[in-house]
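Protein chains get the first letters and strands the later ones, always in sequence-line order, with residue 1 at the start of each. Both backbone and side-chain heavy atoms feed into the values below; hydrogens, waters and symmetry mates do not.
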Protein chains: 2
Amino acid sequence: MAEEAAQEQPSPTAPRKVRCIVKLGGAAITNKGELESINEESLQSACAQLRQAMSESKGDGAPEKVLGMDWSKRHGDPADPAVDAEWISGMAGLGLDTNFIVVHGAGSFGHFQASRSGVHKGGLHSTLVKAGFVATRISVTSLNQEIVRALAREGIPSVGMSPFACGWSTSQRKIASANASQIIQSLHTGFVPVLHGDAVLDELLDCTILSGDVIIRHLAQLLSPKYVVFLTDVHGVYDRPPTDPNAVLLKEIEVDDKGSWSIVKPALLQGNNKGVEISVAAHDTTGGMETKILEAAMIARLGIDVYITKAGTEHSLRALKRDVSSDSEDWLGTIIRSSK
Amino acid sequence: MAEEAAQEQPSPTAPRKVRCIVKLGGAAITNKGELESINEESLQSACAQLRQAMSESKGDGAPEKVLGMDWSKRHGDPADPAVDAEWISGMAGLGLDTNFIVVHGAGSFGHFQASRSGVHKGGLHSTLVKAGFVATRISVTSLNQEIVRALAREGIPSVGMSPFACGWSTSQRKIASANASQIIQSLHTGFVPVLHGDAVLDELLDCTILSGDVIIRHLAQLLSPKYVVFLTDVHGVYDRPPTDPNAVLLKEIEVDDKGSWSIVKPALLQGNNKGVEISVAAHDTTGGMETKILEAAMIARLGIDVYITKAGTEHSLRALKRDVSSDSEDWLGTIIRSSK
């Protein structure tokens with residue numbers, strides 16, 4: 001099945017429009033350069049902000065008691081978890097608009113295994129690729145498990161869904177089959193699906209890596225969320241590597257029907273969509289900036305606003321709540337939207 | 001969709017017949033009575049025996065070097081994993097018949113979360129059930145992750161597949177939808193799918209627990225394996241609780257077309273299929289003995305031999321290799337087969 005055919009698959013009855021698809025960037029939630037190391041503080045902060053964005057109570061009073069949903073033993077803690085079943089039963093509801101989907105990248109998980117074996121290049125007849133496929137999936141699914149746990153600890157009813165296990169596959173690296181019915185079903189029953197970049201089967205190459213960014217674009221096409229947020233480790237898209245002291249943050253980018261983009265803000269860069277070397281995060285492992293901008297532009301082209309911003313800041317909280325407009329001078333991040 | 005309809009679903013092209021479906025019983029691979037504790041020794045031994053059963057080399061010489069496929073950091077080990085890519089690339093192949101499916105139970109994982117919340121009874125409008133659903137899945141998928149890792153360390157190309165994520169669902173606790181196409185696809189490409197008992201959505205109850213035993217029966221019906229092995233923590237099915245010093249191991253049970261069963265061996269119990277209180281493992285968490293015998297009998301009725309035996313023994317290795325016949329006086333275990 002070609003990518004076009006997959007995109008045309010009828011969207012199963014979706015009465016509730018998905019509010020937001022959130023990308024937790026690998027660079028934001030893991031420690032780069034340290035194999036399989038989670039940035040606990042950044043992850044916890046992202047999960048807490050997601051909860052705030054979902055919260056239906058507008059009160060700015062004392063924080064409510066959170067119904068933690070990870071009842072597993074914490075590593076190294078001999079005590080059994082305490083679950084106050086009576087209190088939980090007495091709750092009227094979660095008080096959350098859970099109509100979100102979370103997709104995360106791999107960061108320092110999976111990259112080592114994939115690059116050592118060349119899983120992205122395919123060829124399962126090779127023992128190295130086959131072993132690398134298994135090793136990559138073990139690494140990325142262990143990160144998925146930790147992210148589901150972190151969300152659950154913040155009271156978000158998260159359910160892990162691994163693209164490979166869900167039967168998602170590609171043909172020459174483009175999505176060939178990606179049934180979203182279980183994702184929709186989960187949303188309908190009030191759960192937050194948590195997907196991730198994964199090693200998948202490929203019709204022509206045997207196997208490859210399906211990145212979180214491609215998954216988000218596909219889900220955005222299928223489910224038409226109101227907006228999409230990419231949380232990363234820099235403030236947004238810059239006109240050159242963000243480490244460059246002269247780097248300028250691109251605050252607003254417009255995408256036309258054909259997918260061409262142009263810088264709207266800052267005004268001094270208007271029309272300058274050729275000469276700038278656009279940069280999001282220097283250490284992105286799958287695809288890098290070009291893929292990311294391209295995927296974001298393809299989402300914006302559908303009329304869905306895309307916000308790219310730094311995780312764990314006031315700016316990310318505002319993006320998750322969609323408390324941002326083109327006039328928000330005090331918001332740091334990049335808005336990518338359709339020119340229509 | 002009713003259970004019957006689900007069972008009639010056309011089996012996607014399956015040129016290679018599945019050799020064996022193996023149940024790793026929760027009682028065998030976890031420590032009962034200790035929350036979320038894996039019986040590492042028993043699990044490692046079961047994985048090593050599975051590898052031996054898959055091995056295509058008949059030599060009894062020095063053990064071959066195992067191509068470990070878990071390249072993740074071990075907990076508490078600061079060193080990065082060593083991967084000898086050159087050696088792996090030079091291998092002609094894995095030398096394994098990987099045409100196996102592994103399904104595991106939950107044991108001391110998931111049970112606490114499910115029973116505290118009543119997930120099996122359904123009702124997702126209840127905050128407690130919703131939270132328990134999330135907590136149960138976190139617990140059982142973390143066990144799945146550890147079992148996939150243990151298999152991978154023994155060089156078995158294992159891939160975790162979570163029934164909920166695969167879109168499996170029930171209707172009044174009976175399987176309503178259980179697409180096996182990704183399982184078949186994984187087998188065809190040389191991977192060993194590893195499934196588990198899981199919390200799933202239910203058309204009538206909202207949600208429930210789908211046990212590993214029911215999954216095995218369903219897969220056996222769909223995929224017609226040559227044989228099925230249940231590894232547990234006792235030698236097989238007894239005529240009364242195996243802790244009773246007078247308990248007699250039932251060595252052979254026949255099942256007729258209608259699903260009625262009768263004891264063939266030992267001869268002294270022949271015809272005695274009413275008065276005996278059949279018992280497999282005292283601490284089974286989902287369904288208990290009755291479910292287990294019923295599921296095994298339904299598999300045997302299809303003409304598929306079922307072996308129930310104790311994990312980590314010479315008897316389990318022989319069962320996995322199918323090196324057992326009705327005349328094997330020195331084999332300890334229960335064979336359940338069709339009377340035809």
Quiz item: Measuring from A:F133:CZ to B:M69:CE, what's the distance to the nearest 0.5 Å?
Solution: 12.0 Å

Quiz item: Of the backbone (N, CA, C, O) and the side chain (C-beta and beyond), which part of B:I138 lies under 4.5 Å from a heavy atom of chain A, both, or neither?
Solution: both

Quiz item: Of all heavy-atom pairs between B:V134 and A:P157, which one has the smallest distance, and what is that distance?
Solution: CG2-CA, 3.6 Å

Exercise. Could you tell me which portion of A:Q113 (side chain, backbone, both or neither) has an atom closer than 4.5 angstrom to a non-hydrogen atom of chain B?
Key: both

Quiz item: A:R137 side chain to B:V159 main-chain N or O, any donor-acceptor pair under 3.5 Å?
Solution: no

Self-check item: Proximity breakdown for B:L124 and chain A, heavy-atom pairs closer than 4.5 Å
Solution: side chain

Practice problem: Using a cut-off of under 4.5 Å on heavy-atom pairs, state which of A:G93, A:S186, A:A135, A:G160 scores highest against chain B. | Solution: A:A135

Exercise. Examine A:K73 relative to B:F112 and say whether NZ or CZ is less than 6.0 Å from the centre of the six-membered ring and inside a 45° cone about the ring axis.
Key: no

Exercise. Tell me, for A:P193 versus chain B, whether the close heavy atoms (under 4.5 Å) come from the side chain, the backbone, both or neither.
Key: neither

Practice problem: Using atom types as modelled and distance alone, determine if a side-chain donor or acceptor of A:Q182 lies under 3.5 Å from a backbone N or O of B:C166. | Solution: no

Quiz prompt | Contact origin within B:F109 toward chain A - heavy atom pairs under 4.5 Å | solution = neither

Self-check item: Residue, of A:G132, A:A152, A:S162, that accumulates the most heavy atom pairs under 4.5 Å with chain B
Solution: A:G132

Quiz item: B:K130 side chain to A:L94 main-chain N or O, any donor-acceptor pair under 3.5 Å?
Solution: no

Practice problem: Please examine the side chains of B:I88 and A:S117, heavy atoms only from C-beta on, and report whether any two atoms are closer than 4.5 Å. | Solution: no

Quiz prompt | Winner by heavy-atom pair count (cut-off under 4.5 Å) against chain B, out of A:V83, A:D206, A:T136, A:V129 | solution = A:V83

Self-check item: Residue part contacting chain B, namely of A:Q185, when any heavy atom lies under 4.5 Å
Solution: both

Exercise. Taking all heavy atoms of A:P81 and all of B:L35, pick out the closest pair and write down the distance.
Key: CD-CD2, 3.3 Å

Quiz item: Relative to chain B, which segment of A:S139 carries a heavy atom at a distance below 4.5 Å: side chain, backbone, both, or neither?
Solution: both

Practice problem: Kindly determine whether A:T189 and B:L201 satisfy side chain to side chain contact (heavy atoms under 4.5 Å, CB included), including the steps that lead there. | Solution: CA-CA 9 Å; A:T189 40; B:L201 300 180; 3.8 Å; yes

Quiz prompt | Contact class of B:S142 relative to chain A, heavy atoms under 4.5 angstrom | solution = both

